[in-house]
Participant: 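Okay, handing you the structure first.
This is a predicted model, so every value here is computed, not measured. No hydrogens, no waters, no symmetry mates; every other heavy atom, side chains included, goes into these values.
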Amino acid sequence: MHEEDVVPTAQLAAGEIDYVDTGGDGPVAVLLHGVNMDASVWRKVVARLGPGVRCVCPTLPLGSHRRPMDRPELVTHRGVAAMVGELLEALDLTDVTLVLNDWGGAQFLLTDGPRERIAGAALVACEAFDNFPPGKPGKAVAASARVPGLLWVSMQMQRFGWFRSAPGAWGWMSKTRVPDDVMDGWFGPAQRDPLVRRDLKSFALSTPSRQELRDLASRLPGFDRPVLVVWAPEDRLMPREHGRRLADAFPRGRLVEVKNSYTLVPEDQPERLADELKRFMIDEVMA
């Protein structure tokens, strides 16, 4: 999304967020992104799903949002998961398939609820178990949030293409190069607005403790609805074994591995991902 775009908004307890809604009467997918990304990460998948699926793609306050939150203390892993639940209620969405990529914090919503509006979930190359924050890029954001001024420096460095594509950083997020205009939209808000950086800092400093993460993993079997786990065997950030562990953790979990992709499967393999999601929604969630 860009500054000139006009998008709908939802008022939540923490503040106002933007979202994209394709509308229609088909099954509903709510697609969630990771840190320093917005709803546009799903643009290729949404186009492939077409009019048969209603896609709702919120821009969560994870550093690429254009509207600073009124209550930044709520911008935590658990708090943002709660915002997703609020959004489902605000839009009166039911029988939703919740789709996660990169950020895995919405697993708290699956375990702690309220989840009566969620009919199924797709976990796509996302944080799980002890991998919060994921890999070097995630840990770099968390580390920079602890040092005054360093988060600003980190965001400004994202202006340079060589930094964006560096191995160990965003170069490990996707195999295909994300277009510059898309990445400009992702990093621009935190580069320009100190209140957006404040929200990002609040989130980065909220990494759950090891005990919280163990407790979360132990409660995953309590979500008894269909779960599709889509994993990229070549991913540098999300361990391959986590895909199988996640699928096995849910009573109705199923694993699909997608080759030739890193973490951002919506960028690297959008057609395959969209087809898997549509099949999952029709054959398992809505069956």
Participant: Can you find a pair of side-chain heavy atoms, one from P51 and one from T22, that are under 4.5 Å apart?
Facilitator: no

Participant: Starting from the C-alpha separation in whole Å, work towards a yes-or-no answer on side-chain contact (heavy atoms from CB on, under 4.5 Å) for R254 and E284.
Facilitator: CA-CA 11 Å; R254 179 169 63 87; E284 298 180 53; 2.6 Å; yes

Participant: On a heavy-atom basis, which atom in A217 and which in P221 lie closest, and how many Å separate them?
Facilitator: O-CD, 3.7 Å

Participant: Any luck finding a side-chain donor-acceptor pair between H242 and N131 under 3.5 Å?
Facilitator: no

Participant: Under 3.5 Å, side chain of D268 to main-chain N/O of T176, donor-acceptor pair present?
Facilitator: yes

Participant: Scan residues 103-114 for pairs that pass salt bridge (Lys or Arg N to Asp or Glu O under 4.0 Å), counting only residues two or more places apart or in two chains.
Facilitator: R78-D112, D112-R219

Participant: Applying side chain to side chain donor-acceptor pair (under 3.5 Å), name anything that partners E271, two or more places apart in sequence or on another chain.
Facilitator: none

Participant: Going by side chain to side chain donor-acceptor pair (under 3.5 Å), name the pairs with one or both residues in residues 46-58, residues two or more places apart or in two chains.
Facilitator: D21-R54, R48-D275

Participant: Is there any salt bridge (Lys or Arg N to Asp or Glu O under 4.0 Å) pair reaching into residues 88-110, and which pairs are they, with sequence neighbours excluded?
Facilitator: D92-R117

Participant: Verify side-chain contact (heavy atoms from CB on, under 4.5 Å) between F108 and V84, making sure each step is shown before the conclusion.
Facilitator: CA-CA 11 Å; F108 286 108; V84 176; over 6 Å; no

Participant: How many angstroms lie between atom CD of Q158 and atom CH2 of W170, to the nearest 0.5 angstrom?
Facilitator: 7.0 Å

Participant: Using 30° and 60° as the class boundaries, would you call the ring planes of W103 and F203 parallel, tilted or perpendicular?
Facilitator: perpendicular

Participant: Between S261 and A232, which heavy-atom pair has the shortest distance, and what is it?
Facilitator: O-CB, 3.4 Å

Participant: For residues L109 and L74: do they belong to one hydrophobic cluster (side chain heavy atoms under 4.5 Å, members Ile, Leu, Val, Met, Phe, Trp, Tyr)?
Facilitator: no

Participant: Between S40 (side chain) and R43 (backbone), is there a donor-acceptor pair under 3.5 Å?
Facilitator: no

Participant: Keeping the roles fixed (side chain from H33, backbone from L60), state whether a donor-acceptor pair exists under 3.5 Å.
Facilitator: yes

Participant: Taking the side chain as every heavy atom from C-beta outward, state whether L246 and F129 have any pair of such atoms under 4.5 Å apart.
Facilitator: yes

Participant: For E127 versus P133, what's the shortest heavy-atom pair and its separation?
Facilitator: OE2-CA, 3.6 Å

Participant: Tell me if the CG atom of D283 is crowded by more than 12 foreign heavy atoms within 6.0 Å.
Facilitator: yes

Participant: Return the minimal non-hydrogen interatomic distance between G105 and A81, and the atom names on each side.
Facilitator: O-CB, 3.6 Å

Participant: Determine, stepwise, if the pair S202 / M69 fulfils side-chain contact (heavy atoms from CB on, under 4.5 Å).
Facilitator: CA-CA 11 Å; S202 176; M69 294 293 98; over 6 Å; no

Participant: Could you tell me whether the side chain of D70 reaches within less than 4.5 Å of the side chain of E16, counting heavy atoms only?
Facilitator: no

Participant: Might you point out which heavy atoms bring T263 and N101 nearest each other, and give the distance in Å?
Facilitator: O-ND2, 3.0 Å

Participant: Going by an N to O cut-off under 4.0 Å, is there a salt bridge joining R67 and D193?
Facilitator: no

Participant: Evaluate the side-chain contact (heavy atoms from CB on, under 4.5 Å) criterion for residues L273 and V258: first the C-alpha distance (whole Å), next the side-chain angles of each, then the deciding distance (0.1 Å), finally the verdict.
Facilitator: CA-CA 8 Å; L273 177 56; V258 176; over 6 Å; no

Participant: Is it the case that one hydrophobic cluster holds both L205 and L200, taking links as side-chain heavy atoms less than 4.5 Å apart, direct or via other members?
Facilitator: no

Participant: Tell me every residue that passes salt bridge (Lys or Arg N to Asp or Glu O under 4.0 Å) with E257, counting only those two or more places apart in sequence or in another chain.
Facilitator: R240

Participant: Taking side chain as C-beta onward, heavy atoms only, is N36 less than 4.5 Å from M155?
Facilitator: yes

Participant: Check whether any side-chain N or O of R225 sits under 3.5 Å from a backbone N or O of I118 as a donor-acceptor pair, and report yes or no.
Facilitator: yes

Participant: Under a 4.5 Å cut-off applied to non-hydrogen side-chain atoms, are V7 and R66 in contact?
Facilitator: yes

Participant: Could you check if a side-chain atom of R236 sits within less than 4.5 angstrom of a side-chain atom of Y262, using non-hydrogen atoms only?
Facilitator: yes

Participant: Report the distance from atom CZ of R272 to atom CG of N260, rounding to the nearest 0.5 Å.
Facilitator: 11.5 Å

Participant: Between atom CG of L216 and atom CG of L220, what is the distance when rounded to the nearest 0.5 Å?
Facilitator: 5.0 Å

Participant: May I ask you to say whether R244 pairs ionically with E241, meaning some side-chain N is under 4.0 Å from a carboxylate O?
Facilitator: no

Participant: Do you know the tightest heavy-atom contact between P58 and V30?
Facilitator: CD-CG1, 4.2 Å

Participant: Hey, could you give me the OG1/CD1 distance between T97 and I282, rounded to the nearest 0.5 Å?
Facilitator: 10.5 Å

Participant: Sequence neighbours excluded, which residues qualify as side-chain contact (heavy atoms from CB on, under 4.5 Å) partners of A10?
Facilitator: L12, I17, Y19, L87

Participant: Donor-acceptor pair, W186 side chain versus G63 backbone, under 3.5 Å?
Facilitator: no

Participant: How long is the straight-line distance from CG of L32 back to OG1 of T59, given to the nearest 0.5 Å?
Facilitator: 10.5 Å

Participant: Does the cation-pi check pass for R115 over F223, that is, NZ or CZ under 6.0 Å from the six-membered ring centre and within 45° of its axis?
Facilitator: no

Participant: How about V178 and M173: do any of their side-chain heavy atoms sit closer than 4.5 Å?
Facilitator: no

Participant: Please answer: with hydrophobic residues joined when any side-chain heavy atoms are less than 4.5 Å apart, are V196 and L62 in the same cluster?
Facilitator: no

Participant: If only atom types and distance count, is the side chain of Q156 paired as donor or acceptor with the main-chain N or O of Q191 below 3.5 Å?
Facilitator: yes

Participant: Can you confirm whether F280 sits close enough to V99 that some side-chain heavy atom of one is under 4.5 Å from a side-chain heavy atom of the other?
Facilitator: no

Participant: Got a second to check how far L88's CG is from L98's CG, nearest 0.5 Å?
Facilitator: 6.5 Å

